[in-house]
Enquirer: 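Could you have a look at this structure, given as structure tokens, before my questions?
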Amino acid sequence: MLSKLRLGRMAVILVPMLWLAAFFFIPFLVVFKISLAEAMIAVPPYSPLLQWDSSNAYLTFKVTFGNYLYLFESRFYLDAYLSSLKIAAISTFFALLIGFPIAYLIARSRPTMRTILLALVILPFWTSFLLRVYAWMALLKKNGLVNDFLLATGIIDQPIQILQTDFAVYLGIVYTYLPFMILPLYTTLEKMDLNLLDAAQDLGAKPYQSFFLVTLPLAKPGIIAGCLLVFIPAVGEYVIPALLGGSDTLMIGRVLWDEFFLNRDWPLASAVAVVMLIVLVGPIMFMRNSNKEAE
Amino acid sequence: MKQGSSVALKVMAGAGFVFLYAPIIALIVYSFNESKLVTVWGGWSLKWYVELFRNEQIMSAAWVSLKIAFISATLASVLGTLAGFVLSRMRKFAGKAMLTGWVTAPLVMPEVITGLSLLLLFVSLENMFGWPAGRGVTTIVIAHTTFCLAYVAVVVQSRLASLDETLEEAAMDLGAKPISLFFLITLPLIAPAIISGWLLSFTLSLDDLVIASFVSGPGNSTLPMVIFSKVRLGVTPEVNALATLMIVTVSIAVIAAIVIMHRQNRFKDTNK
């Protein structure tokens, strides 16, 4: 009886575990393996690490670190990594700046209003990411609505280039990832004990003082969670730089894509992915740990 | 503090909401534009909706995407519910920390990495075992199930965490076997979470461009892949019409879900 129970328990644990091991964890090992191979014209287009030579009956084992060396020697890839980190960090900062007042307002609204406002934040999150990026293409074009508006108000006297610039990429990231920032912020702000603000006021704190000394520190878990939810995926973003960025907008997700699809250099694309993963492991672990603390 | 908020806060948050909605509204309005020049207004028309339904490439890609989304969401709901249940209800076991990591990481993992790694896995498997033979619907379903599973697991886990365990304990005390306990008590309690997890998975799968581009084969373009290849070259009025239809459908579903949940919450509050 007991063994049957334990067997059932084990099955329940093993099913999702094996699925994730097979299709989430092991693929990373494969990427690592192929990053040590050489690109060649073949199917699949990379050299085997282990090869059995049947005529001489010996096994050859060949790895190369050439792809990694190439990544570090060439200025281009380093620039792409740095530029991705910069774009992601600045976008995250602006998402926080725009998201915080919204989250704060929602958390302090009456229940019915709160439900409505929360729905307004969640709604874009459910609608297509790709189509929301696309919506900006029409707005930012040379003869798009933003240029029309700026011309009509006399801020500019001829259309300016907004689409295919770095600015459009920042805008796209802030726009599409904003709900990811607002939701965790809202969750922490909603839990906050408002008596603390009363206490601060009674003790003579001005509103801005109680904001910086009480609200902001209490909202810290939400700020961290929101920033990581925006920052980590934004670093590897492909769609936004591809649709809104210019040809000179350097982002590592786009470099990986081009390396893979245009140059068909699978080993180099894998090395790009491995290095990106190493860069992001820190923030990802940090996020997991702060999740644990919240529990 | 007072319930009300200062004017400055309302202005800032209001500007934020305008930022969130202006592009979507512009997109919807221009989908009814007669003119082919997407930004010149030529009067109201349903022309692009007719064109959209006549476009066979878009229609067949939409059908492929709907199939994939349905199967992936269903598989992800089953596996994600198991994972969420294991993480919140099972005592410590070897590998629990690892499972937690595997469930959280896909939520933020850049899509290019997930896509590339799965493609390389499929290619290696095919070389070694002859499976999967080529890439197409099956490989996309596996990829989508994997990342949607994580979303379902998180939703289910947080629902389980918010439930108190007394009902489950009572059933156990009354002699319910683990399996009947799960199906009779736990499952009905977490059903709303599983349903919203399924819906979320469905929309995420329907929307994915990057991962599908890596793991799909020739002749198996999904809807986002077709949209992407069209809009890459510039703004296309049919895509505006398609976007409007998708946004309206999703909005109705989300609003309905929120109204229902809100009513239930009010019911709960009055019962307290």
Side-chain angles (χ1 to χ4, degrees), chain A residues 5 8 12-13 15-17 19-20 23-28 30-31 34 44 98 101-102 104-105 108 110 115 119-120 122-124 126-131 134-139 141 143-145 178 194 197-198 229 232-233 235-236 238-239 253 256-257 260 269 273 276-277 284 288 291, chain B residues 1 3 5 9-10 12-13 16-17 19-20 23-24 26-27 30 38-39 79 82-83 85-86 90 93 95 99-102 104-106 108 110-113 116-118 120-121 123-124 127 142 146 149 178 203 207 209-210 224 227-228 231-232 235 239 243 246-247 250-251 254-255 258 262:
Chain A
L5 210 140
V12 169
I13 296 174
V15 171
M17 195 111 185
W19 180 284
L20 284 167
F23 299 117
F24 183 71
F25 181 66
I26 293 176
F28 291 131
V30 179
V31 171
I34 290 169
I98 298 172
I102 299 182
Y104 193 88
L105 183 82
R108 299 287 170 271
R110 277 171 245 282
T115 313
L120 283 173
I122 295 171
L123 205 56
W126 283 75
T127 51
S128 167
F129 176 86
L130 177 60
L131 293 174
Y134 165 71
W136 278 103
M137 288 178 73
L139 288 182
K141 281 171 28 145
N143 51 0
L145 283 177
L178 195 55
L194 294 182
L197 289 179
D198 282 335
L229 282 175
I232 301 170
V235 170
Y238 167 73
V239 176
L256 191 158
W257 178 285
F260 182 84
M276 199 196 310
L277 207 58
I284 291 175
R288 229 192 71 195
N291 277 356
Chain B
M1 203 179 75
Q3 275 279 340
S5 323
L9 178 68
K10 277 187 180 149
M12 278 194 282
F17 278 111
F19 175 62
L20 270 179
I24 296 177
L27 185 78
Y30 275 91
V38 185
T39 42
L79 291 166
L82 283 178
F85 180 79
V86 166
M90 296 227 168
F93 58 89
L99 185 63
T100 314
W102 290 352
T104 351
V108 289
E111 291 165 318
V112 284
I113 298 186
L116 178 72
S117 64
L118 276 165
L120 295 179
L121 174 82
V123 169
S124 307
N127 272 349
I142 292 175
T146 307
L149 180 174
T203 54
D207 190 32
L209 165 76
V210 174
I227 296 175
F228 186 67
V231 303
R232 230 183 168 176
V235 178
V239 174
M246 288 173 76
I247 290 168
V250 169
S251 308
V254 171
I255 291 167
I258 287 167
H262 190 57

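Lettering follows sequence order; numbering is per chain, from 1. All of these numbers come straight from a predicted model, not from anything done at the bench.
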Enquirer: Specify which of Val235(A), Ile26(A), Ile232(A), Leu120(A) makes the most heavy-atom pairs with chain B at under 4.5 Å.
Expert: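 Among the listed options, the one with the most contacts to chain B is Leu120(A).
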
Enquirer: Please name the pair of heavy atoms, one in Ser124(B) and one in Ile34(A), separated by the smallest distance, quoted to 0.1 Å.
Expert: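 Closest approach of Ser124(B) to Ile34(A), heavy atoms only: OG-CD1, 4.2 Å.
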
Enquirer: Look at Val31(A), Ile98(A), Leu229(A) and state which one has the largest set of heavy-atom pairs under 4.5 Å with chain B.
Expert: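 Option with the greatest count: Val31(A).
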
Enquirer: Ring-plane angle category for Phe228(B) and Trp257(A), please: parallel below 30°, perpendicular beyond 60°, tilted otherwise.
Expert: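 Plane angle over 60°, so perpendicular.
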
Enquirer: Are Tyr134(A) and Val239(B) close enough, and set up right, to give a side chain to side chain contact (heavy atoms under 4.5 Å, CB included), and what steps lead you there?
Expert: CA-CA 9 Å; Tyr134(A) 165 71; Val239(B) 174; 3.7 Å; yes

Enquirer: Pick whichever of Ala135(A), Pro27(A), Gly236(A), Ala273(A) has the most heavy-atom pairs under 4.5 Å with chain B.
Expert: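 Sorted descending by pairs with chain B, the first entry is Pro27(A).
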
Enquirer: Would you say Leu20(A) and Phe25(A) make side-chain contact, with heavy atoms under 4.5 Å?
Expert: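 No, their side chains stay 4.5 Å or more apart.
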
Enquirer: Output the option from Ile24(B), Leu116(B), Ile255(B), Leu209(B) having the highest count of non-hydrogen pairs under 4.5 Å with chain A.
Expert: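 Max contact count across the listed options: Leu116(B).
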
Enquirer: Heavy-atom cut-off 4.5 Å, strictly under: side chain, backbone, both or neither for Ile284(A) against chain B?
Expert: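 Answer is side chain: those atoms of Ile284(A) sit under 4.5 Å from chain B.
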
Enquirer: Quick one: of Ala13(B), Pro106(B), Pro110(B), Pro23(B), who has the most non-hydrogen atom pairs under 4.5 Å with chain A?
Expert: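 Of the candidates given, the most pairs with chain A belong to Pro23(B).
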
Enquirer: Measure Phe129(A) against the heavy atoms of chain B and call it side chain, backbone, both or neither at under 4.5 Å.
Expert: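 Both parts, heavy atoms under 4.5 Å.
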
Enquirer: How close do Thr146(B) and Trp19(A) get, heavy atom to heavy atom, and via which atoms?
Expert: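 Looking at all heavy atoms of both residues, the closest pair is OG1-NE1, 3.1 Å.
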
Enquirer: Look up atom CG in Leu20(B) and atom CG in Leu123(A), then write down how far apart they are to the nearest 0.5 Å.
Expert: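 Reported value, rounded in 0.5 Å steps: 10.0 Å.
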
Enquirer: Between Phe24(A) and Leu149(B), is a side chain to side chain contact (heavy atoms under 4.5 Å, CB included) present by the stated rule, with each step listed?
Expert: CA-CA 11 Å; Phe24(A) 183 71; Leu149(B) 180 174; over 6 Å; no

Enquirer: Please state whether the side chain, the backbone, both or neither of Leu277(A) comes within less than 4.5 Å of a heavy atom of chain B.
Expert: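 Both parts, backbone and side chain.
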
Enquirer: Given the options Val108(B), Asn127(B), Val250(B), Val86(B), which has more heavy-atom pairs under 4.5 Å with chain A than any of the others?
Expert: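 Answer, by heavy-atom pair count under 4.5 Å with chain A: Val108(B).
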
Enquirer: For Leu121(B), is it the side chain, the backbone, both, or neither that has a heavy atom closer than 4.5 Å to a heavy atom of chain A?
Expert: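 Both parts, backbone and side chain.
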
Enquirer: Check whether Ile13(A) gets within reach of chain B through its side chain, its backbone, both or neither, counting any heavy atom under 4.5 Å.
Expert: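 When you check distances to chain B, atoms from both the backbone and side chain of Ile13(A) fall under 4.5 Å.
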
Enquirer: With a 4.5 angstrom heavy-atom cut-off, is it the side chain or the backbone of Ser251(B) that approaches chain A, or both, or neither?
Expert: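 Both parts, heavy atoms under 4.5 Å.
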
Enquirer: What are the two closest non-hydrogen atoms of Met12(B) and Pro101(A), and how far apart are they?
Expert: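 That closest heavy-atom pairing would be CB-CB, 3.9 Å.
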
Enquirer: Do you know which of Met90(B), Glu111(B), Met246(B) has the most heavy-atom pairs under 4.5 Å to chain A?
Expert: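 Option with the top pair count is Met90(B).
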
Enquirer: At a 4.5 Å cut-off on heavy atoms, which part of Tyr238(A) comes close to chain B: side chain, backbone, both, or neither?
Expert: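 For Tyr238(A), the contact with chain B is made by the side chain alone.
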
Enquirer: For chain A, which candidate among Val231(B), Ile227(B), Leu27(B), Val123(B) shows the most heavy-atom pairs at distances under 4.5 Å?
Expert: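 Looking at each option in turn, the highest pair count goes to Val231(B).
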
Enquirer: Evaluate the side-chain proximity of Phe260(A) to Val112(B): yes if any heavy-atom separation is below 4.5 Å, no if none is.
Expert: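 When only atoms from C-beta onward are counted, Phe260(A) and Val112(B) do not touch, as no gap falls below 4.5 Å.
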
Enquirer: Heavy atoms, side chains only, cut-off 4.5 Å: are Ile122(A) and Trp126(A) in contact?
Expert: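 Ile122(A) vs Trp126(A): side chains touch.
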
